[in-house]
A.B. asks: 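What follows is a single structure, and I will ask about it in a moment.
Indexing begins at 1, ligand by ligand and atom by atom, following the structure's order.
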Amino acid sequence: MNDAVLLSALEELRPEALRFLEDLVGINSFTLHPAGVEANADRILQQFAPFGFQVSRFACSEPGTGRHVVLDSGGTGPVIAFVSHMDTVFPEEEEKRNQFGWRPEGNRLYGPGTYDIKGGTVLLWLMLSAALRTNPDLFHSVRWVLLWNAAEEILAPDVGEIAHRLLPPSTRACLVMEGDGGTESGLALVSARKGTGKFTLRVAGRGGHAGNQHAFGANAIRQMARVIEAISALTDYERETTVNVGVVRGGSVDNRIPHEAEAVFEVRYFDAAHYAEVRQKILAWNGEGDVKAAADGFPCRIEIQIDFEVSPWVEKPESLALLRHWREAAQALNETLTVQRRSGLSDANFLASHFPTLDGLGPRGGNAHASERSPEAGKLPEYVDGASFVPKAMVNWIALRNLLAQKN
Ligand SMILES: [Zn+2]
(Lines give C-alpha, C1' and ligand atoms only; values in the text may rest on other atoms or scores of the structure.)
Protein backbone atom coordinates (compact mmCIF):
# COMPACT_ATOMS: atom_id res chain seq x y z
CA MET A 1 0.00 0.00 0.00
CA ASN A 2 1.10 3.50 -0.78
CA ASP A 3 2.10 5.37 2.41
CA ALA A 4 1.17 8.71 0.83
CA VAL A 5 -2.45 7.50 0.81
CA LEU A 6 -2.18 6.62 4.50
CA LEU A 7 -0.62 9.99 5.28
CA SER A 8 -3.35 11.95 3.52
CA ALA A 9 -6.07 9.90 5.25
CA LEU A 10 -4.45 10.69 8.63
CA GLU A 11 -4.19 14.40 7.74
CA GLU A 12 -7.85 14.45 6.71
CA LEU A 13 -8.96 12.77 9.93
CA ARG A 14 -6.75 14.88 12.21
CA PRO A 15 -9.20 17.79 12.76
CA GLU A 16 -11.90 15.36 13.90
CA ALA A 17 -9.36 13.63 16.14
CA LEU A 18 -8.51 16.94 17.83
CA ARG A 19 -12.20 17.76 18.35
CA PHE A 20 -12.57 14.33 19.97
CA LEU A 21 -9.59 15.14 22.22
CA GLU A 22 -11.04 18.52 23.18
CA ASP A 23 -14.33 16.82 24.16
CA LEU A 24 -12.56 14.19 26.29
CA VAL A 25 -10.42 16.83 28.02
CA GLY A 26 -13.56 18.89 28.74
CA ILE A 27 -15.06 16.01 30.76
CA ASN A 28 -13.32 15.73 34.14
CA SER A 29 -12.49 12.06 34.66
CA PHE A 30 -10.50 12.05 37.90
CA THR A 31 -10.21 8.43 39.05
CA LEU A 32 -12.55 9.03 42.02
CA HIS A 33 -15.17 10.89 39.94
CA PRO A 34 -17.02 7.89 38.49
CA ALA A 35 -19.74 9.95 36.75
CA GLY A 36 -17.01 11.77 34.79
CA VAL A 37 -15.23 8.52 33.93
CA GLU A 38 -18.55 7.10 32.67
CA ALA A 39 -19.20 10.25 30.60
CA ASN A 40 -15.71 9.86 29.12
CA ALA A 41 -16.53 6.25 28.30
CA ASP A 42 -19.75 7.31 26.56
CA ARG A 43 -17.90 9.88 24.44
CA ILE A 44 -15.27 7.26 23.51
CA LEU A 45 -17.97 4.73 22.56
CA GLN A 46 -19.70 7.35 20.40
CA GLN A 47 -16.44 8.03 18.53
CA PHE A 48 -15.63 4.34 18.02
CA ALA A 49 -19.24 3.35 17.15
CA PRO A 50 -18.70 3.38 13.35
CA PHE A 51 -16.32 0.40 13.71
CA GLY A 52 -19.27 -1.69 14.90
CA PHE A 53 -17.28 -3.41 17.67
CA GLN A 54 -19.09 -5.15 20.51
CA VAL A 55 -19.18 -3.16 23.78
CA SER A 56 -18.73 -4.62 27.28
CA ARG A 57 -18.37 -2.85 30.61
CA PHE A 58 -16.78 -4.34 33.70
CA ALA A 59 -17.07 -3.21 37.32
CA CYS A 60 -13.82 -1.99 38.85
CA SER A 61 -12.51 -3.67 42.00
CA GLU A 62 -11.54 -0.29 43.49
CA PRO A 63 -14.44 1.39 45.33
CA GLY A 64 -15.65 4.81 44.15
CA THR A 65 -14.45 4.46 40.56
CA GLY A 66 -16.06 4.04 37.11
CA ARG A 67 -16.38 0.91 34.98
CA HIS A 68 -13.80 -0.48 32.57
CA VAL A 69 -14.75 -0.59 28.90
CA VAL A 70 -13.89 -3.20 26.28
CA LEU A 71 -14.54 -3.08 22.52
CA ASP A 72 -14.11 -6.31 20.59
CA SER A 73 -14.39 -6.69 16.81
CA GLY A 74 -14.74 -10.48 17.15
CA GLY A 75 -13.75 -12.76 14.29
CA THR A 76 -11.20 -15.50 13.96
CA GLY A 77 -8.23 -13.47 12.75
CA PRO A 78 -4.98 -12.73 14.57
CA VAL A 79 -5.62 -10.81 17.79
CA ILE A 80 -4.21 -7.35 18.41
CA ALA A 81 -5.09 -5.68 21.73
CA PHE A 82 -4.79 -2.02 22.65
CA VAL A 83 -4.90 -0.72 26.21
CA SER A 84 -5.65 2.82 27.34
CA HIS A 85 -7.30 4.35 30.38
CA MET A 86 -10.04 6.89 31.01
CA ASP A 87 -9.08 8.31 34.40
CA THR A 88 -6.81 11.26 35.16
CA VAL A 89 -5.11 12.45 38.36
CA PHE A 90 -6.86 15.85 38.46
CA PRO A 91 -9.87 16.46 40.73
CA GLU A 92 -12.41 18.94 39.30
CA GLU A 93 -11.67 21.40 42.12
CA GLU A 94 -7.97 21.48 41.19
CA GLU A 95 -8.74 22.06 37.51
CA LYS A 96 -10.90 25.06 38.53
CA ARG A 97 -8.41 26.43 41.05
CA ASN A 98 -5.55 26.31 38.57
CA GLN A 99 -7.73 27.29 35.59
CA PHE A 100 -6.48 24.16 33.93
CA GLY A 101 -8.54 23.26 30.87
CA TRP A 102 -8.25 22.78 27.09
CA ARG A 103 -5.81 25.41 25.82
CA PRO A 104 -4.03 25.05 22.48
CA GLU A 105 -0.86 27.14 22.02
CA GLY A 106 0.77 26.35 18.72
CA ASN A 107 1.50 22.64 18.63
CA ARG A 108 1.14 22.33 22.38
CA LEU A 109 -2.35 21.31 23.42
CA TYR A 110 -2.56 21.91 27.17
CA GLY A 111 -5.21 20.28 29.31
CA PRO A 112 -5.88 17.60 31.94
CA GLY A 113 -5.16 14.17 30.52
CA THR A 114 -4.04 15.44 27.09
CA TYR A 115 -0.82 13.43 27.41
CA ASP A 116 -1.81 10.88 30.07
CA ILE A 117 -3.70 9.40 28.30
CA LYS A 118 -6.61 10.91 26.39
CA GLY A 119 -4.23 11.77 23.54
CA GLY A 120 -3.40 8.05 23.38
CA THR A 121 -7.09 7.12 23.07
CA VAL A 122 -7.49 9.69 20.30
CA LEU A 123 -4.38 8.48 18.45
CA LEU A 124 -5.78 4.95 18.57
CA TRP A 125 -9.02 6.15 16.95
CA LEU A 126 -7.08 8.14 14.34
CA MET A 127 -4.87 5.19 13.43
CA LEU A 128 -7.72 2.65 13.21
CA SER A 129 -9.90 5.04 11.20
CA ALA A 130 -7.14 5.67 8.66
CA ALA A 131 -6.39 1.94 8.54
CA LEU A 132 -10.03 1.08 7.85
CA ARG A 133 -10.21 3.72 5.13
CA THR A 134 -6.98 2.83 3.35
CA ASN A 135 -6.58 -0.88 4.01
CA PRO A 136 -10.05 -2.34 4.72
CA ASP A 137 -9.12 -5.93 3.87
CA LEU A 138 -6.29 -6.03 6.36
CA PHE A 139 -8.37 -4.15 8.93
CA HIS A 140 -11.19 -6.72 8.71
CA SER A 141 -8.79 -9.66 8.84
CA VAL A 142 -7.79 -8.81 12.43
CA ARG A 143 -9.64 -9.33 15.70
CA TRP A 144 -9.22 -5.98 17.48
CA VAL A 145 -9.70 -5.86 21.24
CA LEU A 146 -9.58 -2.40 22.83
CA LEU A 147 -9.48 -2.13 26.63
CA TRP A 148 -9.93 1.02 28.71
CA ASN A 149 -9.03 0.96 32.38
CA ALA A 150 -11.28 3.15 34.56
CA ALA A 151 -8.74 3.39 37.39
CA GLU A 152 -5.22 3.01 36.01
CA GLU A 153 -3.88 5.91 38.06
CA ILE A 154 -4.51 3.98 41.27
CA LEU A 155 -3.15 0.80 39.68
CA ALA A 156 -6.38 -1.19 39.58
CA PRO A 157 -5.18 -4.60 38.35
CA ASP A 158 -8.51 -5.59 36.72
CA VAL A 159 -7.64 -4.80 33.11
CA GLY A 160 -4.79 -7.28 33.32
CA GLU A 161 -7.25 -9.90 34.61
CA ILE A 162 -9.87 -9.03 31.97
CA ALA A 163 -7.20 -9.31 29.27
CA HIS A 164 -6.20 -12.75 30.55
CA ARG A 165 -9.84 -13.88 30.28
CA LEU A 166 -10.60 -12.37 26.87
CA LEU A 167 -7.38 -12.70 24.93
CA PRO A 168 -6.02 -16.00 23.63
CA PRO A 169 -2.40 -16.88 24.44
CA SER A 170 -1.68 -16.49 20.72
CA THR A 171 -2.41 -12.75 20.91
CA ARG A 172 0.13 -11.12 18.61
CA ALA A 173 0.55 -7.86 20.50
CA CYS A 174 -0.71 -6.01 23.56
CA LEU A 175 -0.07 -2.33 22.83
CA VAL A 176 -0.35 0.28 25.55
CA MET A 177 -1.27 3.81 24.48
CA GLU A 178 0.64 5.68 27.21
CA GLY A 179 2.46 8.80 26.00
CA ASP A 180 5.53 8.69 23.80
CA GLY A 181 8.63 9.71 25.76
CA GLY A 182 10.45 11.41 22.89
CA THR A 183 11.40 15.02 22.31
CA GLU A 184 10.81 17.13 19.21
CA SER A 185 13.67 15.38 17.47
CA GLY A 186 12.30 11.86 17.79
CA LEU A 187 9.91 9.27 19.15
CA ALA A 188 10.43 6.99 22.16
CA LEU A 189 8.64 3.79 23.09
CA VAL A 190 8.71 1.97 26.43
CA SER A 191 9.99 -1.59 26.78
CA ALA A 192 10.30 -1.96 30.58
CA ARG A 193 8.75 -0.48 33.71
CA LYS A 194 9.66 -0.69 37.36
CA GLY A 195 7.73 -2.73 39.88
CA THR A 196 6.56 -1.28 43.17
CA GLY A 197 5.80 -2.10 46.78
CA LYS A 198 3.54 0.21 48.80
CA PHE A 199 3.79 0.19 52.59
CA THR A 200 2.14 1.75 55.62
CA LEU A 201 4.21 2.46 58.75
CA ARG A 202 2.44 2.90 62.08
CA VAL A 203 4.11 3.80 65.35
CA ALA A 204 2.44 3.57 68.75
CA GLY A 205 4.21 5.39 71.58
CA ARG A 206 3.03 6.65 74.96
CA GLY A 207 1.50 10.10 75.25
CA GLY A 208 1.61 12.57 78.07
CA HIS A 209 2.08 16.16 79.14
CA ALA A 210 5.03 17.63 77.24
CA GLY A 211 6.10 19.55 80.38
CA ASN A 212 5.30 17.57 83.53
CA GLN A 213 5.55 14.06 82.06
CA HIS A 214 8.27 14.41 79.47
CA ALA A 215 10.37 11.56 80.85
CA PHE A 216 7.34 9.23 80.74
CA GLY A 217 6.58 9.89 77.11
CA ALA A 218 7.60 7.65 74.22
CA ASN A 219 7.45 10.02 71.27
CA ALA A 220 5.92 8.26 68.26
CA ILE A 221 6.97 11.01 65.81
CA ARG A 222 10.60 10.78 66.88
CA GLN A 223 10.52 7.03 66.40
CA MET A 224 8.88 7.41 63.00
CA ALA A 225 11.56 9.93 61.96
CA ARG A 226 14.27 7.39 62.75
CA VAL A 227 12.56 4.69 60.71
CA ILE A 228 12.01 7.12 57.83
CA GLU A 229 15.71 8.03 57.79
CA ALA A 230 16.75 4.39 57.80
CA ILE A 231 14.38 3.20 55.07
CA SER A 232 15.05 6.26 52.87
CA ALA A 233 18.75 5.41 53.02
CA LEU A 234 17.96 2.08 51.30
CA THR A 235 17.65 4.01 48.02
CA ASP A 236 20.36 2.81 45.64
CA TYR A 237 20.44 4.73 42.35
CA GLU A 238 23.05 2.43 40.86
CA ARG A 239 20.80 -0.57 41.29
CA GLU A 240 17.80 1.56 40.26
CA THR A 241 15.90 0.95 43.50
CA THR A 242 14.30 3.95 45.20
CA VAL A 243 12.41 4.46 48.46
CA ASN A 244 10.09 7.43 48.86
CA VAL A 245 8.11 8.40 51.96
CA GLY A 246 5.17 10.30 50.51
CA VAL A 247 2.82 10.93 53.45
CA VAL A 248 3.36 11.49 57.19
CA ARG A 249 0.80 12.07 59.91
CA GLY A 250 1.20 12.38 63.66
CA GLY A 251 0.58 14.50 66.72
CA SER A 252 -2.00 17.18 67.41
CA VAL A 253 -0.58 20.03 69.54
CA ASP A 254 2.87 21.01 70.76
CA ASN A 255 2.22 20.45 74.47
CA ARG A 256 1.47 16.77 74.11
CA ILE A 257 3.87 13.93 73.53
CA PRO A 258 2.45 12.26 70.42
CA HIS A 259 1.34 8.67 71.02
CA GLU A 260 0.68 7.84 67.36
CA ALA A 261 2.31 8.48 64.01
CA GLU A 262 1.82 7.07 60.53
CA ALA A 263 3.60 7.24 57.19
CA VAL A 264 2.95 5.86 53.73
CA PHE A 265 5.85 4.99 51.49
CA GLU A 266 6.79 3.10 48.34
CA VAL A 267 9.74 1.26 46.83
CA ARG A 268 10.36 1.14 43.06
CA TYR A 269 12.71 -1.32 41.42
CA PHE A 270 13.72 -3.34 38.36
CA ASP A 271 15.84 -5.93 40.17
CA ALA A 272 13.60 -8.37 42.07
CA ALA A 273 16.49 -9.78 44.14
CA HIS A 274 17.46 -6.32 45.33
CA TYR A 275 13.84 -5.54 46.15
CA ALA A 276 13.64 -8.73 48.25
CA GLU A 277 16.65 -7.49 50.24
CA VAL A 278 15.23 -4.00 50.71
CA ARG A 279 11.82 -5.39 51.66
CA GLN A 280 13.36 -7.64 54.28
CA LYS A 281 15.29 -4.71 55.81
CA ILE A 282 12.10 -2.64 55.92
CA LEU A 283 10.02 -5.38 57.54
CA ALA A 284 12.78 -6.04 60.09
CA TRP A 285 11.73 -2.77 61.76
CA ASN A 286 8.50 -4.45 62.93
CA GLY A 287 8.31 -4.79 66.69
CA GLU A 288 9.85 -2.85 69.52
CA GLY A 289 11.46 0.47 68.57
CA ASP A 290 14.59 2.15 69.90
CA VAL A 291 12.82 5.29 71.15
CA LYS A 292 11.88 4.63 74.78
CA ALA A 293 10.55 6.62 77.73
CA ALA A 294 13.51 7.85 79.83
CA ALA A 295 11.68 7.16 83.10
CA ASP A 296 10.88 3.47 82.69
CA GLY A 297 12.08 2.34 79.27
CA PHE A 298 8.58 2.04 77.77
CA PRO A 299 9.27 1.46 74.06
CA CYS A 300 7.51 2.70 70.97
CA ARG A 301 6.04 -0.12 68.88
CA ILE A 302 6.55 -0.18 65.11
CA GLU A 303 4.25 -1.86 62.65
CA ILE A 304 4.99 -1.91 58.92
CA GLN A 305 2.54 -3.54 56.55
CA ILE A 306 2.69 -4.14 52.81
CA ASP A 307 -0.37 -2.61 51.16
CA PHE A 308 0.29 -4.03 47.72
CA GLU A 309 3.00 -5.07 45.33
CA VAL A 310 3.23 -5.01 41.53
CA SER A 311 5.99 -6.87 39.69
CA PRO A 312 8.28 -5.02 37.30
CA TRP A 313 8.05 -5.41 33.54
CA VAL A 314 11.57 -6.25 32.47
CA GLU A 315 12.68 -6.50 28.83
CA LYS A 316 11.43 -9.73 27.32
CA PRO A 317 12.29 -11.33 23.98
CA GLU A 318 8.62 -11.06 22.91
CA SER A 319 8.63 -7.28 23.44
CA LEU A 320 11.97 -6.90 21.70
CA ALA A 321 10.62 -8.87 18.72
CA LEU A 322 7.68 -6.45 18.52
CA LEU A 323 10.01 -3.52 18.85
CA ARG A 324 11.86 -4.60 15.73
CA HIS A 325 8.74 -3.82 13.63
CA TRP A 326 8.49 -0.36 15.17
CA ARG A 327 12.17 0.33 14.54
CA GLU A 328 11.83 -0.73 10.91
CA ALA A 329 8.70 1.36 10.43
CA ALA A 330 10.38 4.42 11.96
CA GLN A 331 13.44 3.93 9.79
CA ALA A 332 11.32 3.64 6.65
CA LEU A 333 9.64 6.93 7.58
CA ASN A 334 12.89 8.67 8.54
CA GLU A 335 11.79 9.08 12.16
CA THR A 336 14.24 8.65 15.02
CA LEU A 337 12.92 6.07 17.48
CA THR A 338 14.47 5.28 20.84
CA VAL A 339 13.39 2.98 23.65
CA GLN A 340 13.03 3.82 27.33
CA ARG A 341 12.83 1.92 30.59
CA ARG A 342 10.46 3.88 32.82
CA SER A 343 10.19 4.18 36.58
CA GLY A 344 6.44 4.80 36.38
CA LEU A 345 4.04 1.85 36.17
CA SER A 346 1.24 1.25 33.68
CA ASP A 347 -1.14 -1.51 32.61
CA ALA A 348 1.86 -3.03 30.83
CA ASN A 349 3.06 -4.29 34.24
CA PHE A 350 -0.03 -6.52 34.41
CA LEU A 351 0.09 -7.67 30.78
CA ALA A 352 3.71 -8.26 29.87
CA SER A 353 4.07 -11.61 31.62
CA HIS A 354 1.28 -13.08 29.44
CA PHE A 355 1.43 -11.29 26.09
CA PRO A 356 4.02 -9.64 23.83
CA THR A 357 3.73 -6.08 25.13
CA LEU A 358 4.94 -2.69 24.01
CA ASP A 359 4.13 0.64 25.66
CA GLY A 360 4.38 4.33 24.83
CA LEU A 361 2.38 4.10 21.59
CA GLY A 362 0.61 7.39 22.30
CA PRO A 363 1.51 10.89 21.12
CA ARG A 364 4.42 12.95 22.46
CA GLY A 365 3.90 15.45 25.24
CA GLY A 366 5.15 16.57 28.62
CA ASN A 367 4.49 17.62 32.22
CA ALA A 368 2.21 14.64 32.91
CA HIS A 369 0.29 14.97 36.21
CA ALA A 370 1.10 18.72 36.52
CA SER A 371 -1.71 21.31 36.65
CA GLU A 372 -0.05 24.58 37.68
CA ARG A 373 0.73 27.32 35.19
CA SER A 374 3.21 29.97 36.20
CA PRO A 375 5.83 30.26 33.45
CA GLU A 376 7.88 32.87 35.37
CA ALA A 377 8.27 30.30 38.17
CA GLY A 378 9.15 27.59 35.65
CA LYS A 379 5.80 25.79 35.94
CA LEU A 380 3.73 24.62 32.99
CA PRO A 381 0.92 22.05 33.03
CA GLU A 382 0.41 18.83 31.11
CA TYR A 383 0.27 19.06 27.31
CA VAL A 384 0.35 16.88 24.24
CA ASP A 385 2.23 17.72 21.04
CA GLY A 386 -0.46 18.10 18.38
CA ALA A 387 2.14 17.64 15.63
CA SER A 388 3.05 14.15 16.84
CA PHE A 389 -0.33 12.43 16.21
CA VAL A 390 0.05 11.84 12.48
CA PRO A 391 3.70 10.68 12.43
CA LYS A 392 3.18 8.41 15.43
CA ALA A 393 0.00 6.93 13.91
CA MET A 394 1.99 6.32 10.69
CA VAL A 395 4.75 4.49 12.56
CA ASN A 396 2.26 2.44 14.61
CA TRP A 397 0.18 1.34 11.63
CA ILE A 398 3.13 0.51 9.37
CA ALA A 399 4.71 -1.50 12.19
CA LEU A 400 1.44 -3.37 12.72
CA ARG A 401 1.08 -3.99 9.02
CA ASN A 402 4.55 -5.54 8.94
CA LEU A 403 3.82 -7.57 12.05
CA LEU A 404 0.60 -8.92 10.51
CA ALA A 405 2.32 -9.71 7.23
CA GLN A 406 4.64 -12.01 9.15
CA LYS A 407 3.04 -15.39 9.83
CA ASN A 408 3.13 -16.34 13.46
ZN1 LIG B 1 -1.39 6.86 32.05
Side-chain angles (χ1 to χ4, degrees), residues 20-21 24-25 27-34 36-37 40-41 43-44 60 62 65-70 81-91 94-95 100 109-127 146-160 162-163 174-182 187-196 198 266 268 308 310 312-313 339-352 357-371 381-385 388-389 392 396:
F20 176 31
L21 180 59
L24 290 181
V25 171
I27 305 166
N28 176 284
S29 58
F30 176 51
T31 314
L32 300 178
H33 177 38
V37 173
N40 234 262
R43 182 63 186 84
I44 290 169
C60 180
E62 299 291 336
T65 59
R67 285 175 300 168
H68 310 299
V69 172
V70 175
F82 285 97
V83 180
S84 186
H85 61 87
M86 295 175 290
D87 60 325
T88 72
V89 297
F90 306 107
E94 181 183 338
E95 288 182 10
F100 183 38
L109 311 171
Y110 290 95
T114 45
Y115 181 45
D116 186 9
I117 188 182
K118 296 178 178 186
T121 293
V122 168
L123 195 145
L124 174 58
W125 174 83
L126 177 66
M127 187 202 74
L146 321 181
L147 304 106
W148 278 273
N149 193 339
E152 189 273 347
E153 295 293 356
I154 56 172
L155 295 177
D158 317 335
V159 165
I162 294 167
C174 224
L175 303 166
V176 183
M177 299 306 299
E178 292 287 351
D180 183 286
L187 303 169
L189 297 179
V190 182
S191 67
R193 288 182 180 271
K194 281 188 176 179
T196 193
K198 307 247 182 217
E266 56 149 53
R268 290 182 187 235
F308 67 89
V310 179
W313 166 31
V339 185
Q340 300 175 333
R341 309 169 85 218
R342 276 194 201 162
S343 299
L345 281 72
S346 84
D347 278 313
N349 286 73
F350 301 104
L351 299 163
T357 301
L358 208 53
D359 196 352
L361 270 82
R364 247 181 345 230
N367 305 337
H369 294 198
S371 71
E382 180 172 323
Y383 69 91
V384 72
D385 176 358
S388 68
F389 283 79
K392 189 65 179 287
N396 288 346

A.B. asks: What residues, two or more places apart in sequence or in another chain, satisfy salt bridge (charged side-chain N to carboxylate O under 4.0 Å, His left out) together with R342?
C.D. replies: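 So R342 forms no salt bridge (charged side-chain N to carboxylate O under 4.0 Å, His left out) with any residue.
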
A.B. asks: Under a 3.5 Å distance rule, please check whether H68 uses its side chain to pair with a backbone N or O of N149 as donor and acceptor.
C.D. replies: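 Not at all, since once roles are kept as given, no pair shorter than 3.5 Å links the two residues.
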
A.B. asks: Do you know how many protein N, O or S atoms are within a distance smaller than 2.8 Å of the Zn ion (ligand 1)?
C.D. replies: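 Every protein N, O or S atom under 2.8 Å from the Zn ion (ligand 1) counted, the figure is 4.
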
A.B. asks: Can a donor-acceptor pair be found between the side chains of D347 and H85 at a distance below 3.5 Å?
C.D. replies: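 There is no such pair between these side chains.
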
A.B. asks: In this structure, which one of K118, M177, E178 forms a side-chain contact (heavy atoms from CB on, under 4.5 Å) with S84?
C.D. replies: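 Single side-chain contact (heavy atoms from CB on, under 4.5 Å) partner of S84 among K118, M177, E178: M177.
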
A.B. asks: Between W313 and T357, is there a side-chain donor-acceptor contact under 3.5 Å, judged purely by atom types and distance?
C.D. replies: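 Looking only at side-chain atoms, W313 and T357 do not form any donor-acceptor pair under 3.5 Å.
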
A.B. asks: With rounding to the nearest 0.5 Å, note down the distance linking CD in E382 to OG1 in T88.
C.D. replies: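 Reported to 0.5 Å precision, the distance equals 8.0 Å.
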
